Each structure stands twice: as C-alpha cells, then as structure tokens.
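Input: a single structure, listed below in structure tokens.
Note that this is a predicted model, so its numbers are computed, not measured. In what follows, residues are counted from 1 in the order of the sequence shown.
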Amino acid sequence: MTIKNDSFGRFDFVGKAWLFGGISLILTIASLIYLAVNGINYGIDFKGGTEIQVKFAQSVTIEDLRKSIDDLKLGEVGVQSFGEGNEYIVRFQGRTGKTDKETNEILNADLGKIRNVITTQFASQGPDIRRVDTVGPQVGAELKRNGVLAVFYCLLVILIYVALRFDYKFAPGAVLCLFHDAVITLAVFVAVGKEVNVAILAAIMTLIGFSLNDTIVVFDRIRETEGHYHDKGFGFIINRSINEMLVRTLITSGTTFVSAICLYIFADGTVEDIAFAMCVGIFFGTYSSIYVAAPLVLLMEKLNLKKARA
C-alpha cells in the first residue's frame, strides 16, 4: 500500500479504537463469565475416563447403541457420532474401587461388558473396535494443571520478551491481546458443544504464537515509523504503521484461514476440532493485532506523557 508522506493512510484505526476496544472488553468479560458459569467440557485427557471408537459396516442408529450400553448400568456413559457413516465414540468415567488394583479390575470388567454388547448385539452390522483410550483421573488432573501452567508461563515469557525486544509500553498490549484471543476462542469452542483436550490446548498455544507474530510485526513497524514521524503524534504513527502493514496482515491471515477452513470442511474428528479452533483464533488474532494491541500501546504512551508532565 502506497501512502503519501504527510498522510497516515486510508483508514483511521485509532479513531475507532475506543469503540472496538470497548467491544473487545465486553467480549472478553462475557467469555470469562460464560466459562465460569457453564464450565468447560473437558475430554478424557483432562478429566480421566475411557473412550472407545467403533465403526459398523452396516447402519446402526446412535439411539440403539446408547440404549444397549445404558442397559449395562455402568454409570454416566456418552455416545457421540464420529466422522461420516456408522462410526461412534463411547465415553464413560468408570467406577473407582478402594485401591488402584481394584479400580483397574473394575475398568477391565466394564470394558469387557461393552465389548461384548457391541460384538454380540450388533454382530450382523459388522462392528470394528478401532481404538480404546484410558486416562486415570489423577493423570487427567495433572495434565489439566500442567496445561494451565503452560499457558501462564507462555504469556509471562512473552511479556518479558516484548519488554526487552521493544519497550515496556508495548508489553501489556501484546499479553492482553493474546489473552483476549485465547479466552474468546475457548469460549466460542465450548459454546458450540466441543470438548477441550490436549490437542485443542496445543491449537490454542499455536494461535498464541500466530497472533504474537502478527502483533510483533505491527509493533516493529510502529517503532520504525516513530523514528521518522515523532513530531506527528503517536496516533498518527500507529495509524500509518497499521495501514502500511494491512495488506501483509490480510494476506498472511487470509491464506492461513483458507487452509484451516479447508481442514474443517474436509477433515473430521480431532483434526476438524483443531481446524475450527484455528479458524476462530485467526479471525480474532488478526482483529486484536489491529484494534487491541496497537491502541493499548497508545494508551500506555498517554500514561507515560501524563507521568512526565507530573
């Protein structure tokens, strides 16, 4: 994009920053409230349990499969369709015994009962048990705690990196921008009924890196422009920097978004869920680099000027 030397560009991003900043604040608070009230639907990676993936050669309804397993009285059991065709995921928490050995014996017995129901009652439909995954509750709790710590330490290191790489006035904008992206993406992901597991946590961490890259590029251009137009005011500098990087940002985010949405359309299972999280995260990550991170730098600059005058 070609910009005249005395112009900040075509779009006045700073002029609408407070409007979109308010919208972002409302979305972030609403997402936190939604997650706190409704909770997060954790997969077996985090809450523990057993997951069985089964595919039938002939047509089997989810109602018939659920009824047959419910008749075993094994506690809370969930049955979910998987992919295309007659493929399902059976999940259950499993009952606990007084000792680990007794718990394992109960789990193996329950697994045997489910296998027996699938292979006998649906024998004519050609059942194929493709996968059985089991995670203990203690291991799940440890994975959940480590996942939260990983995100926290990631944001902390980014805060330190941006402060050293640029200036401390850039660091809060970068971290709040990434927090904004992660929270809203997680809330949307939970709102559509998808479960959060290790793969989705990895997708959110990837989004943090993607959004950070875009934010760093904008920050770098702001710092370059500041050296040439320091007499124009910081609002002018931010507007010019974003306008100069707008085409690059849209091309980078657009190509990544197209790749993710193709995976979402044509893939299934975990890959489909990861692609969905990437699509949501790319959209909010691109938006936040323009309307969250950069305006926060302007806010920090104004606070610095007030302190200097005082």
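Side-chain atoms of M205 and C154, non-hydrogen and from C-beta on, do get closer than 4.5 Å to each other. The side-chain heavy atoms of L263 and S259, taken from C-beta on, include no pair separated by under 4.5 Å. At least one side-chain heavy atom of V132 sits under 4.5 Å from a side-chain heavy atom of L111. Side-chain contact between V218 and I242 is present, with at least one heavy-atom pair separated by less than 4.5 Å. Side-chain contact check for L178 versus L212: some heavy-atom pair is nearer than 4.5 Å. Looking at heavy atoms from C-beta onward, K113 lies in side-chain contact with D110 at the 4.5 angstrom threshold. Contact of the I274 side chain with the Y264 side chain is not registered, since no non-hydrogen atoms from C-beta on lie closer than 4.5 Å. Here the side chains of L201 and V151 are in contact, with some heavy-atom distance below 4.5 Å.
If you take CG on N197 and CG on N41, they are separated by 10.0 Å, rounding to the nearest 0.5 Å. Atom CG of D181 is separated from atom CD1 of I184 by 7.0 Å, given to the nearest 0.5 angstrom. Remark: T119 OG1 to D128 CG distance equals 12.0 Å, nearest 0.5 Å. To the nearest 0.5 angstrom, L27 atom CG is 11.5 Å from S288 atom OG. Here the CD1 atom belonging to I282 is positioned 8.5 Å from the OG1 atom belonging to T255, to the nearest 0.5 angstrom. Taking OG1 from T215 and CG from L176, the interatomic distance works out to 11.5 Å, rounded to the nearest 0.5 Å.
Between the side chain of Y88 and the main chain of V60, a donor-acceptor pair closer than 3.5 Å is present. In this structure a side-chain-to-backbone donor-acceptor pair under 3.5 Å is present from N243 to N239. Counting only distance, with no hydrogens or angles, the side chain of S253 and the backbone of L250 share no donor-acceptor pair below 3.5 Å. Judged by distance alone, the side chain of N116 and the main-chain N or O of G112 form no donor-acceptor pair under 3.5 Å.
Residues that satisfy the ring pair (Phe, Tyr, Trp, His ring centres under 6.0 Å) test with F122, not counting sequence neighbours, are F56. With sequence neighbours excluded, the residues forming a ring pair (Phe, Tyr, Trp, His ring centres under 6.0 Å) with F20 are Y291, listed by chain and number.
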I would like to know whether F257 and T286 meet side chain to side chain contact (heavy atoms under 4.5 Å, CB included); could you show each step before the answer? CA-CA 10 Å; F257 183 83; T286 304; over 6 Å; no

Before giving the answer on side chain to side chain contact (heavy atoms under 4.5 Å, CB included), spell out for I52 and I129 the whole-Å C-alpha distance, their side-chain angles and the decisive distance to 0.1 Å. CA-CA 7 Å; I52 304 170; I129 298 177; 3.9 Å; yes

Full working for side chain to side chain contact (heavy atoms under 4.5 Å, CB included) between V196 and I204: CA-CA 10 Å; V196 178; I204 291 177; 5.8 Å; no

Could you go step by step and tell me if M245 and V217 meet the side chain to side chain contact (heavy atoms under 4.5 Å, CB included) rule? CA-CA 8 Å; M245 299 306 300; V217 170; 3.0 Å; yes

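Judged as a side-chain hydrogen bond (donor to acceptor under 3.5 Å, both in side chains), the pairs with a partner in residues 23-32 (not counting sequence neighbours) are, in order, S24-Y287. Among residues at least two apart or in separate chains, there is no ring-ring contact (aromatic ring centres under 6.0 Å, His included) pair with a member in residues 185-211. Pairs engaging residues 270-296 under the salt bridge (charged side-chain N to carboxylate O under 4.0 Å, His left out) rule: K194-D273 [sequence neighbours left out]. A salt bridge (charged side-chain N to carboxylate O under 4.0 Å, His left out) check over residues 246-261, counting only residues at least two apart or in different chains, returns the pairs D214-R248.
Closest approach of T225 to S241, counting heavy atoms only: OG1-OG, 3.2 Å. Q121 and S68 make their closest contact through OE1-OG, 3.0 Å (heavy atoms, listed as atom of the first residue, atom of the second, distance). The two residues A275 and A260 make their nearest non-hydrogen contact at CB-O, 3.3 Å. Residue P127 comes nearest to V54 through the heavy atom pair CB-CG2, 4.4 Å, listed as atom of the first residue, atom of the second, then distance. In terms of heavy atoms, C177 sits closest to S289 at SG-N, 4.1 Å.
Salt-bridge annotation for R221 and E224: present, with a side-chain N of the basic residue lying under 4.0 Å from a carboxylate O of the acidic one. At a threshold of 4.0 Å, the pair E63-K67 does not count as salt-bridged, since none of the basic side-chain nitrogens sits closer than that to a carboxylate oxygen.
Note on L25 and I33: same hydrophobic cluster, where clusters join Ile, Leu, Val, Met, Phe, Trp and Tyr whose side-chain heavy atoms are under 4.5 Å apart, directly or indirectly. In the hydrophobic clustering of ILVMFWY residues, with side-chain heavy atoms under 4.5 Å counting as a link, V258 and V280 come out apart. There is a path of hydrophobic side-chain contacts, each under 4.5 Å, that joins V192 to L207. By the rule that hydrophobic residues join a cluster once side-chain heavy atoms approach within less than 4.5 Å of another member, F276 and I265 end up as members of one cluster. Side-chain heavy atoms closer than 4.5 Å link hydrophobic residues (I, L, V, M, F, W, Y) into clusters, and following such links, even through other members, never connects L32 to I26.
Applying the 6.0 Å contact sphere to CZ of F179 captures no more than 12 heavy atoms from other residues, nucleotides or ligands. Annotation for R66: atom CZ counts as buried by contact number, over 12 foreign heavy atoms lying within 6.0 Å.
The aromatic rings of F284 and H180 sit perpendicular, their planes meeting at an angle over 60°, well past the 30° parallel limit.
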